[in-house]
Amino acid sequence: MTTPAALDDRRSPTPLVPVLSYAVLTAAYVVMNRDTPQPDASGGEVLAYAQTHGTSIVLGSALLAVAAAALVWAASALLGRTPGGTRSWGLGSGVLAGAALVVSGVFAFLGGRLPADGDPGEARDLADLSFLAGGPAFAATAGLLIAAVASTRRLPRGLRVTGYVLAAAGLLSLLTPTVAAFGYLLPLVRFGGLIWLVLAAVSVQRGGAAVKSYTAKSATPR
């Protein structure tokens with residue numbers, strides 16, 4: 001007899017495709033914007049960078065928007081169709097994480113459109129807003145998404161524990177604007193979380209394939 005959880009795995013969309021799409025788009029964005037000035041750079045440095053990297057800023061903003069859509073798609077696929085409050089706030093967290101990427105891209109785009117004689121202070125402010133949205137805000141909401149996936153899916157124990165650790169790191173990263181040391185958690189959540197999502201998608205994919213194989217064998221006349 002097929003259990004409701006097994007039926008859920010069979011009916012849920014394949015998670016590996018959207019997760020890998022999100023991973024590829026994120027990697028492309030990081031490569032294209034690898035020289036972006038750090039949060040402690042002066043407004044003049046940010047403005048100078050915008051004048052010489054306008055194309056990469058615009059393309060990077062577009063990549064963030066597409067990556068946001070892929071992340072929401074991945075959240076839906078990873079959480080499956082299991083009803084419950086955890087899935088609801090997990091999907092909500094995925095949407096908020098995607099929105100944070102979009103907002104970050106919008107502020108980066110606006111910064112990249114400043115004229116050569118623009119205000120360095122405005123350039124720094126736009127860069128700060130882009131960082132806050134794509135840094136702490138994204139890390140916290142992405143961490144909550146990871147925690148939801150770890151809670152609702154039958155994942156290996158080590159993967160679940162790691163997911164909860166990443167979620168805690170994401171929430172702690174919200175302190176970055178007041179305590180700079182917490183900024184070191186941002187790449188941990190962004191890239192560690194990316195790897196975690198891929199591993200979770202592989203685990204869910206294998207689980208779904210095992211269910212389908214078992215169901216097919218059970219349905220074979222004896």
Side-chain angles (χ1 to χ4, degrees), residues 15-16 18-41 56-57 59-79 90-109 111 126-150 155 159-202:
L16 199 54
V19 170
L20 289 179
S21 298
Y22 168 67
V24 170
L25 290 165
T26 299
Y29 168 78
V30 171
V31 171
M32 185 168 293
N33 293 268
R34 60 186 179 277
D35 296 324
T36 299
Q38 296 298 311
D40 59 353
S56 63
I57 291 174
L59 292 178
S61 299
L63 283 171
L64 281 180
V66 181
L71 179 59
V72 175
W73 180 23
S76 177
L78 280 169
L79 290 167
L91 285 175
S93 298
V95 171
L96 289 175
L101 291 180
V102 172
V103 171
S104 178
V106 168
F107 283 124
F109 175 80
L126 289 171
D128 287 341
L129 290 171
S130 178
F131 168 74
L132 291 174
F138 170 77
T141 49
L144 291 175
L145 167 61
I146 289 172
V149 174
L155 302 177
L159 197 57
R160 291 201 310 274
V161 172
T162 305
Y164 295 138
V165 171
L166 287 170
L171 292 175
L172 285 173
S173 73
L174 289 173
L175 297 174
T176 300
T178 54
V179 183
F182 284 101
Y184 291 105
L185 296 175
L186 296 176
L188 170 65
V189 178
R190 179 177 288 275
F191 301 112
L194 181 60
I195 294 172
W196 190 93
L197 288 172
V198 172
L199 293 176
V202 171

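Within the 4.5 Å cutoff, no side-chain heavy atoms of F138 are placed close to those of L186.
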How far apart are the C-alpha atoms of S76 and L91, what are their side-chain angles, what is the distance that settles it, and do they pass the side chain to side chain contact (heavy atoms under 4.5 Å, CB included) test?
-> CA-CA 6 Å; S76 177; L91 285 175; 4.1 Å; yes

Carefully, step by step, assess V102 and L64 under the rule side chain to side chain contact (heavy atoms under 4.5 Å, CB included).
-> CA-CA 6 Å; V102 172; L64 281 180; over 6 Å; no

Would L132 and T176 count as a side chain to side chain contact (heavy atoms under 4.5 Å, CB included) if you check the C-alpha gap in whole Å, the side-chain angles of each, and the deciding distance to 0.1 Å?
-> CA-CA 9 Å; L132 291 174; T176 300; over 6 Å; no

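Rounding to the nearest 0.5 angstrom, the gap separating the CG atom in L155 from the CH2 atom in W196 is 5.5 Å. Here OG of S56 is found 9.5 Å from OH of Y29. Values are rounded to the nearest 0.5 Å. Here the straight-line distance linking atom CG of L79 with atom CG of L145 works out to 6.0 Å at 0.5 Å rounding.
Taking each heavy atom of I57 and N33 in turn, the nearest pair found is CA-OD1, 4.0 Å. Here the closest non-hydrogen pair linking L25 and L63 is CD2-CD2, 3.9 Å. Here the closest non-hydrogen pair linking F131 and P136 is O-CD, 3.4 Å. Closest of all the heavy-atom pairs between M32 and L59 is SD-CB, 3.3 Å. The heavy-atom pair separating A97 from A142 by the smallest distance is CB-N, 3.9 Å. Residues L101 and L71 share a closest heavy-atom pair of CD1-CD2, 4.5 Å.
Sequence neighbours left out, the pairs with a member in residues 93-106 that pass side chain to side chain donor-acceptor pair (under 3.5 Å) are S104-S130.
In this structure, the side-chain contact (heavy atoms from CB on, under 4.5 Å) partners of L199, at least two apart in sequence or on a different chain, are L159, I195. Y184 is linked by a side chain to side chain donor-acceptor pair (under 3.5 Å) to nothing, counting only residues two or more places apart in sequence or in another chain. Legend: residues meeting side chain to side chain donor-acceptor pair (under 3.5 Å) with D128, ordered by chain and number and at least two apart, are R124. With sequence neighbours left out, the side-chain contact (heavy atoms from CB on, under 4.5 Å) criterion links V189 to A139, A169. Partners of S173 under the side chain to side chain donor-acceptor pair (under 3.5 Å) rule, at least two apart in sequence or in another chain, do not exist in this structure.
When atom types are taken as modelled, the side chain of R190 and the backbone of T26 share no donor-acceptor pair closer than 3.5 angstrom.
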